[in-house]
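A quick write-up on the structure given underneath.
Worth knowing before you read on, the calculation uses all heavy atoms, side chains too, and leaves out hydrogens, waters and symmetry mates. Lettering follows sequence order; numbering is per chain, from 1.
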Amino acid sequence: GAVVSQHPSRVICKSGTSVKIECRSLDFQATTMFWYRQFPKKSLMLMATSNEGSKATYEQGVEKDKFLINHASLTLSTLTVTSAHPEDSSFYICSARRVAAGGGYEQFFGPGTRLTVL
Amino acid sequence: KNEVEQSPQNLTAQEGEFITINCSYSVGISALHWLQQHPGGGIVSLFMLSSGKKKHGRLIATINIQEKHSSLHITASHPRDSAVYICAVRSTGGTSYGKLTFGQGTILTVHP
């Protein structure tokens, strides 16, 4: 299957700093990328959907000024957590989607980034 | 009621046992995914189904569109199968069009 990478895999930062997480589709061009957040023992929660070259669409309740998403190319999307606070500590997962050969879509997930804000 | 319900929530098995995890959904879908998440967090996509049945190694996934139900089977289970298994559906209508809606996950533990 296709590969999606995330960097860094783990980050610890001080409260008030900003953290950037990169998501790359390594062997395919992703028409759409998704950013999810997962709390302990909970399922994934969609934060935003981004298409290359256009503004991300944020889910209700997600602050777009706090979670900046840039989708600069068909293989790279970045999530920047601005002025991070301890409550932003979480597991962030990106996912990349491409059109499947037989029609429809295929979606692949990155390994996730664990953010800890002290 | 959640749009995607999985059962059981927790499952413990002995090595070698046949395992079934169920997923029921209440919305119209274009596809259903089965995902695996190991401790440490990384998610692996196991199957994407829109009809019928798929098999990969010891894993089998089936879907019944009319009954809005899917099952994931693991034959000859092994301790390395221990993980959280997540069912996710791609909706076809409303505000959730094209997005994945996730089940709450099934925690599988296989003992040697």
Original post:
Checking heavy atoms, do the side chain of B:L35, its backbone, both or neither come under 4.5 Å from chain A?
Top reply: side chain
Original post:
Is the number of heavy atoms from other residues, nucleotides or ligands within 6.0 Å of CZ (B:R58) greater than 12?
Top reply: yes
Original post:
Can you tell me if CD on B:E67 sees more than 12 non-hydrogen neighbours from other groups inside 6.0 Å?
Top reply: no
Original post:
Relative to chain A, which segment of B:I43 carries a heavy atom at a distance below 4.5 Å: side chain, backbone, both, or neither?
Top reply: both
Original post:
Hey, are the side chains of B:F102 and A:Q38 touching, using non-hydrogen atoms and a 4.5 Å cut-off?
Top reply: no
Subject >> Path from B:Y25 to B:F47 over hydrophobic side-chain contacts below 4.5 Å >> reply: yes
Original post:
If you draw a 6.0 Å radius around NE2 in A:H7, do more than 12 non-hydrogen atoms from other residues or ligands fall strictly inside?
Top reply: no
Subject >> Atom OH of A:Y105: over 12 foreign heavy atoms under 6.0 Å >> reply: no
**OP:** Determine whether A:L76 and A:I21 fall in the same hydrophobic cluster, where Ile, Leu, Val, Met, Phe, Trp and Tyr are linked whenever their side-chain heavy atoms lie under 4.5 Å apart.
**Re:** no
Original post:
Measuring from A:K41:NZ to B:Q104:CD, what's the distance to the nearest 0.5 Å?
Top reply: 14.0 Å
Original post:
What part of B:S30 gets closer than 4.5 Å to chain A, counting heavy atoms only: side chain, backbone, both or neither?
Top reply: neither
Original post:
Are B:L100 and A:L44 side-chain neighbours, meaning at least one heavy-atom pair lies under 4.5 Å?
Top reply: no
Original post:
Is B:L49 reachable from B:V4 through a run of hydrophobic residues whose side-chain heavy atoms are each under 4.5 Å from the next?
Top reply: yes
Subject >> Over 12 non-hydrogen atoms of neighbours within 6.0 angstrom of NZ in A:K64 >> reply: no
**OP:** Between chain B and each of A:K42, A:Q107, A:M45, count heavy-atom pairs under 4.5 Å; write down the option with the most.
**Re:** A:Q107
**OP:** State, to 0.1 Å, how close B:G103 and A:S43 come at their nearest heavy-atom pair, and which atoms those are.
**Re:** O-OG, 2.8 Å
Subject >> Region of A:R97 that comes under 4.5 Å of a non-hydrogen atom in chain B >> reply: side chain
Subject >> Part of A:Q6 lying under 4.5 Å from any heavy atom of chain B >> reply: neither
Original post:
Does A:F108 offer a backbone N or O that forms a donor-acceptor pair with the side chain of B:S45 under 3.5 Å?
Top reply: no
